[in-house]
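What follows is one structure encoded as structure tokens, with my remarks underneath.
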Amino acid sequence: MTKKWWHDKVAYQIYPKSFYDSNGDGIGDIQGIIQKLNYLQDLGIDIIWLSPCYQSPLADEGYDISDYYKIDPRFGTMDDMKQLISEAKQRNMYILMDLVVNHCSDEHEWFQKACEDPDGKYGNFFYLRDKENGKLPTNWRSYFGGPVWEDLPGTNKQYLHVFHKKQPDLNWENHELREEVYKNINWWLDQGIGGFRIDAIINIKKALPFHDYAADRDDGLCSLSSMLEEAHGIGEFLTEMRDKTFKKYDAFTVGEVFNEKPEEVPDFIGENGYFSSMFDFNEAIFGGSDKGWYDAKQITPDDYKKCCFESQKKIGTIGFLCNIIENHDEPRGVSRYIPEGDCCPHSKTMLAALNFMLRGIPFIYQGQELGMENQTFHSMKEVDDISTINEYQIALDAGLSEEEALKAVSRFSRDNARTPMQWSSDQNAGFTDGTPWLNVNPNYTSINAAKQQADPDSVLNFYKKLIALRKNPEYKETIIYGTLEPYLETQHNLMAYYRIGNKTLLIIGNYQKEPQNALLESSIKKVILNNYDNLSEKNNTVTLKGYQLLILEM
């Protein structure tokens, strides 16, 4: 494998709206991010991925972009962005922007011009179809519920939107559209950013010609998975985009890739892949149901272990995955992957290390390093997320009571990760002097950065140790490039694996509150990290306390 500048990095995702508010309007902003760069530097962060802060009506919280060249005034100005890029560079950090090019906003100039002249140049920037006797062009269901087709204002046509109706899909079959996208990518790279996280990219290739698939719910619609499975040829688009943009700048790119076919993995992230890396979503999609969130299966510790090892085996040494516990689209990882009622510093640090030491590039989502937990929603009036609102209705339609539906969707709501960052025990968790745009989690008085910075045994300080270990010259080569071999794979509620390079490391976590024993194959050379103060070991058997985590040199 050719060594690249991003292989040994640690990344941190910022959701700008909820990170830090510098001007008291209740919304996080770019100046707020600048003010917290020293915090991120102290943590050990190298790459900062910003969720969208482009100009947007925020129908889907910024993933509906009305101008790719402008910063939304809520977040600041282009001068603020240039300052952020410069300040990050002074700290040897790279900024990643979010690349959202499957769709734009219906308030984008291209779409406005398509409405004015649907048969002209900009009409061909989108997927437009004539209305026929009230019949939809296809029976596909949008990711946010309902048909993917919406009337094009002022015309006898409809446009395709696989997400929200305010997010019309861009027609990637149109060469002229693609050139506009590449022009924008290169413009941002010329501003000095390090690369992009690439949103929902599998969706840019549609199966043509459009047609119906078997309905999978009573609404007569079908999920988009059948269409995506039939769609072939996305590689032509992605190769062209890579060669005309990222490759010229040696940019770091990480794809949000679902539904990839196993044989395509080398094409996506191999030696000359479309992207530098892609996220591992195997754990996040586990237990999902075509019926909706209400029917999703709860993941167990053994399920989590199996998902991680499946991904690692699939990728092998082809390339690097980006390993996550949570992001802006998922609930809080500690609330999802730790059995209910067991969230505590030991279980949180165990989960952190089991994920962090996997082969690949670790991504930390804001507040994850504090062990931030899911919010408690008392009514749907407290919910902002459009996915949660849609899934709540699906649950009601399936016969759940309002109370049952709220409980079901609360587990998975994207608002869990979007509550304001918990900086201190001051009012509004130190996030804002104003009224926060989304309710702060009431547990901020016990879970916050200020408190954890002062506590050597905190989750935050454990993350600092993990990051320092990854950068330690003695172990760096093994952690970055070493192979991964599962160990004691069938032992219940135990997750263990070796990282083997010029050193042999054993990562072992007791994934339950009850103690259990684990047999070692060889003697311990050194205890590198332990989330307890002591270690009980006798005759090559360790007795692990509840949620004890060990990183051992063997």
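All values derive from a computational prediction rather than experimental measurement. Along the sequence shown, residues are numbered consecutively beginning with 1.
Using a 4.0 Å cut-off between a side-chain N of Lys or Arg and a carboxylate O of Asp or Glu, Glu373 and Lys348 qualify as a salt bridge. Ion pair Glu489/Lys306 not flagged as a salt bridge, since none of the NZ, NE, NH1 or NH2 atoms sits closer than 4.0 Å to an Asp/Glu carboxylate oxygen. A salt bridge is defined here as a Lys NZ or Arg NE, NH1 or NH2 lying under 4.0 Å from an Asp or Glu carboxylate O, and Lys291 with Asp216 fails to meet this definition. Using a cutoff of 4.0 Å between basic side-chain nitrogens and carboxylate oxygens, Glu326 and Arg336 are not scored as salt-bridged. Under a 4.0 Å N-O distance rule, the pair Asp385/Arg414 qualifies as a salt bridge. Under a 4.0 Å N-O distance rule, the pair Lys503/Glu474 qualifies as a salt bridge. Contact check on Asp303 versus Lys305 returns no salt bridge, with no Lys/Arg side-chain nitrogen under 4.0 Å from an Asp/Glu carboxylate oxygen. Under 4.0 Å is where a charged nitrogen must lie from a carboxylate oxygen, and between Glu87 and Arg91 at least one such pair does. Of the charged side-chain nitrogens involved, none lies within less than 4.0 Å of a carboxylate oxygen, so that Lys314 and Asp280 do not count as a salt-bridged pair. Checked for salt-bridge contact, Lys464 and Glu369 miss the test: no charged N lies under 4.0 Å from a carboxylate O. Between Asp8 and Lys471 there is no salt bridge, since no side-chain nitrogen of the basic residue lies less than 4.0 Å from a carboxylate oxygen of the acidic one. Classification of Glu477 and Lys3 as a salt-bridged pair holds, one side-chain N sitting under 4.0 Å from a carboxylate O.
The side-chain tip of Lys244 does not point at the ring of Tyr182 from less than 6.0 angstrom away and within 45° of straight on.
Between Val334 and Cys343 the shortest heavy-atom distance is O-SG, 3.3 Å. Leu484 and Arg359 get closest at one heavy-atom pair: CD1-N, 3.9 Å. Taking both residues in full, the closest heavy atoms of Asp199 and Arg197 are given as OD1-NH1, 2.9 Å, listed atom of the first, atom of the second, then distance. Of all heavy-atom pairs between Tyr497 and Ala353, the closest is OH-O, 3.7 Å. Taking all atoms of both residues into account, the shortest heavy-atom contact from Leu228 to Ile202 is CD2-O, 3.9 Å.
For Phe163 and Tyr143, the ring centers sit closer than 6.0 Å to each other. The aromatic ring centres of His7 and Tyr481 sit less than 6.0 Å apart. Close placement of the His328 and Tyr63 rings is indicated, their centers lying within 6.0 Å of each other. Between Tyr94 and Phe252, the distance separating the two ring centers is not shorter than 6.0 angstrom. Ring pair His108/Tyr68: centre-to-centre distance below 6.0 Å. The aromatic ring centres of Tyr54 and Trp188 sit less than 6.0 Å apart. Aromatic ring centres of Tyr12 and Trp49: separated by at least 6.0 Å.
Below 30°, between 30° and 60°, or above 60°: for Tyr337 and Tyr304 the angle between ring planes is between 30° and 60°, a tilted geometry. Note on ring orientation: taking the six-membered ring where Trp is involved, the planes of Trp140 and Tyr213 are tilted (angle from 30° to 60°). In this pair, Trp172 and Phe237 present their aromatic rings tilted. The plane angle is within the 30 to 60° band. The aromatic rings of Tyr127 and Phe210 sit tilted, their planes meeting at an angle between 30° and 60°. Between Tyr487 and Tyr498, the angle of the ring planes lies from 30° to 60°, which puts this pair in the tilted group.
Atom NZ of Lys248 has more than 12 heavy atoms from other residues, nucleotides or ligands within 6.0 Å.
At least one side-chain heavy atom of Ile185 sits less than 4.5 Å from a side-chain heavy atom of Val181. Counting only heavy atoms from C-beta outward, the side chains of Phe462 and Asn531 approach each other to under 4.5 Å.
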*Could you go step by step and tell me if Lys70 and Asp72 meet the salt bridge (charged side-chain N to carboxylate O under 4.0 Å, His left out) rule?*
CA-CA 6 Å; Lys70 289 183 181 174; Asp72 194 284; over 6 Å; no

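Between Leu177 atom CG and Leu170 atom CG the span is 5.0 Å, to the nearest 0.5 Å. The distance from atom NE2 of His103 to atom CG of Asp60, rounded to the nearest 0.5 Å, is 6.5 Å.
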